[in-house]
**Student:** 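Submitted below is the structure of interest, expressed as structure tokens.
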Amino acid sequence: VFEDVLWIGDGRYLHNVNNTTANYNVLQLGSNEVVQALGIDPGNGLMLISVSVGQNASTTQFKTNKVLIYDGYSNKPRRSVIVDERISSFYSVGGVTYVTYGKNLGYWNGSGITFLRKLSDVSFSNTSLPTRHRMTNIDNTLYVADGHYLLAFGEILKGQKFFYYLMNNGTGMSLITHLGKGVIGYAYTTDKFYTLDTTVK
């Protein structure tokens, strides 16, 4: 959602839905470009569009990858930034836009990606890589489904952020989400849904 409008990546096109009105092909990219993820840069309030030049859902092929900066109304992006790997998700917490790219977690610094950590339990597969539905937050703590593990990144001591694993399930998670009151919901491909109360010691 950008500027109170729902945006949808569809191959080389961006569509949007404004209330009940669908607007098709609001932005049209090059014939071989594919939208991979959408986000918002908190520094300038503009849309971030992850693009690969050619299909590359599992990040197994060498492709040119970039981030487009878009205002939501022009017929072309304002800026294009080449990045090393395909960005599979953007997720903003506390004014920082975190990104997952390949097997890595980093953050968008306004002109590229700053590396934070390599994820230990994901593979180059579109069913394993951490896309947007495998990230959530509770307050200023980011949570990422790192394969079997639920990885947290947040403050344990005031002003100091740390990585730590919250749990190990033995099975890769297909979805994590904050349900409210400090409870995380998580699911598997076996169609089962569980909850974890992060407030219980």
**Student:** Would you say Ile184 ends up clustered with Ile156 if hydrophobic residues are merged whenever their side chains have heavy atoms under 4.5 Å apart, either directly or through other cluster members?
**Tutor:**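 Per the 4.5 Å side-chain linkage, Ile156 and Ile184 are co-clustered.
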**Student:** Output yes when a side-chain donor or acceptor of Ser89 lies under 3.5 Å from a complementary backbone atom of Pro130, and no otherwise.
**Tutor:**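 Yes.
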**Student:** Side-chain heavy atoms under 4.5 angstrom apart, residues restricted to Ile, Leu, Val, Met, Phe, Trp, Tyr: same cluster for Val83 and Val99?
**Tutor:**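 Same cluster.
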**Student:** Quick one: pull up CD in Glu33 and CG in Asn65 and give me the separation to the nearest 0.5 Å.
**Tutor:**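 With rounding to 0.5 Å, CD (Glu33) is 11.0 Å from CG (Asn65).
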**Student:** Any side-chain heavy atom of Leu46 within less than 4.5 Å of one from Arg79?
**Tutor:**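 No. Closest side-chain heavy atoms not under 4.5 Å.
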**Student:** Can you find a heavy atom in the side chain of Phe163 that is under 4.5 Å from one in the side chain of Leu151?
**Tutor:**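 Yes, close enough: below the 4.5 Å cut-off.
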**Student:** Got Asp10 and Tyr24 here, is their nearest side-chain heavy-atom distance under 4.5 Å?
**Tutor:**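 The answer is no, as the side chains (C-beta and beyond) never meet within the 4.5 Å cut-off.
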**Student:** For a quick test of reading the model, state the closest non-hydrogen atom pair linking Ser50 to Ile87 and the distance between them.
**Tutor:**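 Closest pair (atom of Ser50, atom of Ile87, distance): OG-O, 2.7 Å.
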**Student:** Less than 4.5 Å apart, side chain to side chain, heavy atoms only: is that true for Asn137 and His178?
**Tutor:**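 A side-chain contact is absent here, since even the closest heavy-atom pair is not under 4.5 Å.
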**Student:** Would you indicate whether the side-chain heavy atoms of Leu29 and Leu68 approach each other to under 4.5 Å?
**Tutor:**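 Yes, their side chains come closer than 4.5 Å.
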**Student:** Yes or no on side chain to side chain donor-acceptor pair (under 3.5 Å) for Thr131 and Ser88, after CA distance, side-chain angles and deciding distance?
**Tutor:** CA-CA 5 Å; Thr131 50; Ser88 55; over 6 Å; no
**Student:** So, the side chain of Asp139 versus the backbone of Thr141: is there a donor-acceptor pair under 3.5 Å, distance only?
**Tutor:**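 No; zero donor-acceptor contacts below 3.5 Å.
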**Student:** For the atom pair OH (Tyr70) and CG (Leu27), what is the distance rounded to the nearest 0.5 Å?
**Tutor:**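 Here the rounded value is 4.5 Å.
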**Student:** Judged by modelled atom types alone, do Asp84 and Tyr101 share a side-chain donor-acceptor pair under 3.5 Å?
**Tutor:**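 The answer is no; no qualifying pair exists.
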**Student:** Calculate, to the nearest 0.5 Å, the distance between atoms NE2 and OG1 belonging to His133 and Thr177 respectively.
**Tutor:**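 Rounded to the nearest 0.5 Å, the NE2-OG1 separation comes to 11.5 Å.
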**Student:** Indicate yes or no: at least one non-hydrogen side-chain atom of Thr64 is less than 4.5 angstrom from one of Ile82.
**Tutor:**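 Yes. Closest side-chain heavy atoms under 4.5 Å.
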**Student:** Going by the ring pair (Phe, Tyr, Trp, His ring centres under 6.0 Å) test, name the single residue among Tyr186, Tyr143, Tyr164, Tyr165 that passes it with Tyr149.
**Tutor:**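 The ring pair (Phe, Tyr, Trp, His ring centres under 6.0 Å) with Tyr149 is passed solely by Tyr165 among Tyr186, Tyr143, Tyr164, Tyr165.
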**Student:** Just how far is it from atom CG of Asn23 to atom CD1 of Ile8, taken to the nearest 0.5 Å?
**Tutor:**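 It is 10.0 Å, given to the nearest 0.5 Å.
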**Student:** What about Leu119 and Tyr107, same hydrophobic cluster or not, with Ile/Leu/Val/Met/Phe/Trp/Tyr joined at side-chain heavy-atom distances under 4.5 Å?
**Tutor:**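 Yes.
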**Student:** Would you say Ser120 and Asp146 are linked by a side-chain donor-acceptor pair, where the criterion is simply a distance under 3.5 Å?
**Tutor:**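 Distance-only check passes for Asp146 and Ser120.
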**Student:** Lys181 versus Thr199: any side-chain heavy-atom pair under 4.5 Å?
**Tutor:**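 No. Closest side-chain heavy atoms not under 4.5 Å.
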